[in-house]
Amino acid sequence: MLFFQKKLFYKLLGFLIPTSIIGVALTTLFLTEISRQFSRSQAGSFCEYLSEDMGTRIQFFLDQLKNTLELIATSIELGKPGELQKKVTLLGIRDDLPDVRFASLMERDGQVALSSTSRRSEIINKYKRLEFGDRIFSGPCLTSILRDEEGFPLMYATVPVRYRHQVQQILFLELDARYFYEMFTSMVGLPGIILELVEPKNTVIATNLVQNTFETPHMPYTYYLSHLDRGDRSHWEEDIQGEENIIHMRYYSDTGWVFVVRGVYSRLFAQKSELYMESILIGAFMIWLCTILGMYAARRFLNPIRRLHESAIAISRGDFSQKVSVTSHDEVGRLARDFDLMRSNLLDHIERELKAVEEKARLQNLAAMGEAASKVNHEIGNRLSNISMLLDLYRNQGISASGRTLIESIEQNVDRIDQICRDFSKFTRSKFIRPERLPVESFLSSIVEQNRLMLEKNGVTADLEVDSDLPAIWADPGLLEHVFNNLFHNSLDALPEGGAIHISARAWDHRLVVDFLDTGPGIAKEMHQTIFDPFFTTKRGKGTGLGLSIVRSVVQAHEGEVNCVENGGGAHFVLTFPLWRSQEQRPPLEQEISKDREETIEQEVGNP
């Protein structure tokens, strides 16, 4: 019992372990996702911090530059209008402000009025190339960051100078933007963080990716303006080129610049991203594998129960033919085998009950037929006796030779009718037996000796071969004697010029096998089955056709079989009977009938 319990326990473990692993894998994936969301939150906070810090510094730089320029323009406006005074002022601007490389007063037509440097033609070319337009007359203007011939970052600024509320000249300054540029280059090396300052011309004027300065930005300028149109001025998340990005943006209306902080999650937390992807792959694989194993274990565990359930339903509907095919060696398999044994025993019991009911009905029909036959035979016998007596009277009255021939023919037909009645009576009695212990060898020897004189008279020899230690059978000796006598008579009819008969008996597979052979012409193969039908005969008016029918009926009443087989010579009959070594081993034969009932039938049938 412990063996079965262990088997069932292992099957349960085979189902529970994959289920537990799936639970652990799902928990791991859930915790990994929580960690990923926390990392995303950290990344968003960091990008927001950079956006606020750098954006504020850029705004401070622009505001400070704007205020300084306005202050300079105001000081020029309030100063003396002399050329010398203006010259001194411009030189002071260049010397006092370290970011200013030169300062010039430009006429409205683009000519240099005064300058802190002598390179007037260069100043004019730069001024005209910048194309400020009319906006230079309304207030301070700043250009984007540019590069000079040596690659240094520069910015240009203009401030209108008014005299008596009219713009007379433009203060034109060239500014060194290295400090502003260094704000971005100080952020070089931040993993996963991209800082870009994009101007309206769709050019990156400052970035922490130095190689991309003055190049086209990752996302076009119009992309960021579209978010301004939607009112999304702060931050958003979006997949760019297959990577998850956290974007923070600030717009500067004075210059049209867009400052962008873009955090690429897969680069910000490269190790976590790899760990997350590995966790997803491993978790998905473990879930898939454990699901397959769990389904397999569950199917192995539940299939026997399902088949057992289906068999129980089939049996409840009256179908006992469905066998429970469970091959497991645990409690379920043991229960299935016991259930199938119960089904088999129940099926055998039902078949025996049905067979008993059918046999009982058949016996009742045969008994009724026997009673009817006995009454008919009694009436026919009385009439035949009267006919025989009348024929004897006519024979003694001295009739002619032709009359005697007629009387003999009538007597032969009367005898034939009497024989048919007796054979029919035996046929009806062949189903009722009174078995007793019957030694096979002595019984067959007595049958041969009884027919010895008749066989010798017809020139027929008979030999008997019986295996040693052959057990006795339980049978009705009277009915079996009639069986073998009938076979002897059939063989004698087939051997008019003499021949031989061979009888052998042997035990095989718990059955007695008796072979009855003769050296006659044999029986055609197509008649091997029809010769046992009632009233079938090959003797052309000589036989009644009930002899072999009685033989088969008697053998079947003993739960045996009789068959005619081909042996290449004469007739060959094979009779088989069950072997019971003791009365206790022998089950009751369904054809047994009480002694009183049989004697009543014999009296009615045998004494017409």
Side-chain angles (χ1 to χ4, degrees), residues 28-62 144-145 180-253 255-281 283-284:
T28 303
L29 291 178
F30 177 72
L31 294 177
T32 305
E33 180 63 22
I34 292 177
S35 175
R36 178 173 175 270
Q37 294 298 330
F38 179 72
S39 300
R40 287 170 56 87
S41 177
Q42 285 184 319
S45 299
F46 183 64
C47 291
E48 183 180 5
Y49 166 74
L50 286 179
S51 176
E52 290 293 330
D53 179 63
M54 293 287 293
T56 302
R57 290 167 65 182
I58 293 173
Q59 187 65 53
F60 176 76
F61 173 82
L62 294 176
S144 299
I145 299 177
F180 180 77
Y181 187 72
E182 287 172 358
M183 272 197 311
F184 286 86
T185 57
S186 64
M187 298 296 175
V188 173
L190 284 178
I193 296 295
I194 299 176
L195 306 175
E196 290 181 335
L197 187 62
V198 184
E199 68 168 350
K201 293 181 180 180
N202 199 34
T203 303
V204 177
I205 57 177
T207 178
N208 63 334
L209 303 178
V210 180
Q211 68 274 14
N212 293 338
T213 307
F214 305 111
E215 300 292 338
T216 302
H218 288 83
M219 300 301 294
Y221 182 82
T222 55
Y223 167 78
Y224 300 113
L225 290 184
S226 65
H227 283 273
L228 289 175
D229 295 338
R230 293 200 302 264
D232 188 1
R233 297 172 178 269
S234 180
H235 61 87
W236 66 93
E237 297 181 6
E238 189 170 344
D239 285 342
I240 299 176
Q241 297 178 351
E243 293 182 317
E244 200 172 355
N245 286 255
I246 303 171
I247 301 174
H248 286 257
M249 181 188 75
R250 294 192 68 171
Y251 177 74
Y252 302 97
S253 57
T255 59
W257 293 349
V258 174
F259 173 60
V260 180
V261 178
R262 185 158 63 91
V264 183
Y265 178 78
S266 60
R267 302 177 192 174
L268 276 171
F269 302 95
Q271 293 183 347
K272 280 192 175 183
S273 298
E274 292 179 1
L275 178 62
Y276 177 69
M277 292 304 299
E278 291 175 356
S279 300
I280 289 178
L281 293 176

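Position 1 is the first residue of the sequence, and the numbers go up from there. Everything quoted here is computed from the prediction, not taken from an experiment.
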Colleague: Return the minimal non-hydrogen interatomic distance between His248 and Gly44, and the atom names on each side.
Modeller: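 Minimum heavy-atom contact is NE2-O, 3.5 Å.
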Colleague: So which atom in Pro217 and which in Glu196 form the shortest heavy-atom distance, rounded to 0.1 Å?
Modeller: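 For Pro217 versus Glu196, the nearest heavy atoms are CB-OE1, 3.9 Å.
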Colleague: Check side-chain contact (heavy atoms from CB on, under 4.5 Å) between Gln59 and all other residues, then give those that pass, not counting sequence neighbours.
Modeller: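 side-chain contact (heavy atoms from CB on, under 4.5 Å) list for Gln59, sorted by chain: Asp63, Tyr252.
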Colleague: Could you tell me whether a side-chain N or O of Asn202 sits under 3.5 Å from a main-chain N or O of Tyr221, the two making a donor and an acceptor?
Modeller: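 Yes.
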Colleague: What is the minimum heavy-atom distance between Cys47 and Ile246, and which atoms define it?
Modeller: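 What the structure gives for the nearest pair is SG-O, 4.3 Å.
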Colleague: Might you point out which heavy atoms bring Leu50 and Phe259 nearest each other, and give the distance in Å?
Modeller: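 What the structure gives for the nearest pair is O-CE2, 4.2 Å.
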Colleague: Not counting sequence neighbours, which residues clear ring-ring contact (aromatic ring centres under 6.0 Å, His included) with His218? List them please.
Modeller: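 Partners of His218 by the ring-ring contact (aromatic ring centres under 6.0 Å, His included) criterion come out as none, since no residue qualifies.
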Colleague: Provide the closest heavy-atom pair for Met183 versus Arg57 in the form atom of the first, atom of the second, distance.
Modeller: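 Looking at all heavy atoms of both residues, the closest pair is CG-NH2, 3.3 Å.
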Colleague: Would you say that Thr56 contacts Arg250 through its side chain, given a criterion of any heavy-atom pair below 4.5 Å between the two side chains?
Modeller: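 Yes, at least one pair of side-chain atoms sits under 4.5 Å.
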Colleague: Between Ile247 and Tyr223, is a side chain to side chain contact (heavy atoms under 4.5 Å, CB included) present by the stated rule, with each step listed?
Modeller: CA-CA 12 Å; Ile247 301 174; Tyr223 167 78; 3.9 Å; yes
Colleague: Mind checking whether Phe184 and Ile58 have side chains closer than 4.5 Å, heavy atoms only?
Modeller: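 Of all side-chain heavy-atom pairs linking Ile58 with Phe184, at least one is under 4.5 Å.
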Colleague: Grab the two heavy atoms, one from Thr207 and one from Leu209, that are nearest each other, plus how far apart they are.
Modeller: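 That closest heavy-atom pairing would be CG2-O, 2.8 Å.
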Colleague: Could you check whether the rings of Tyr224 and Trp236 sit parallel, tilted or perpendicular, using 30° and 60° as the cut-offs?
Modeller: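 Tyr224 vs Trp236 ring planes: tilted.
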Colleague: I'd like to check Glu238 versus Met219 (side-chain heavy atoms, cut-off strictly below 4.5 Å). Are they in contact?
Modeller: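 Not in contact.
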Colleague: Under 3.5 Å, is there a donor-acceptor pair between the side chain of Asn208 and the main chain of Leu195?
Modeller: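 Present.
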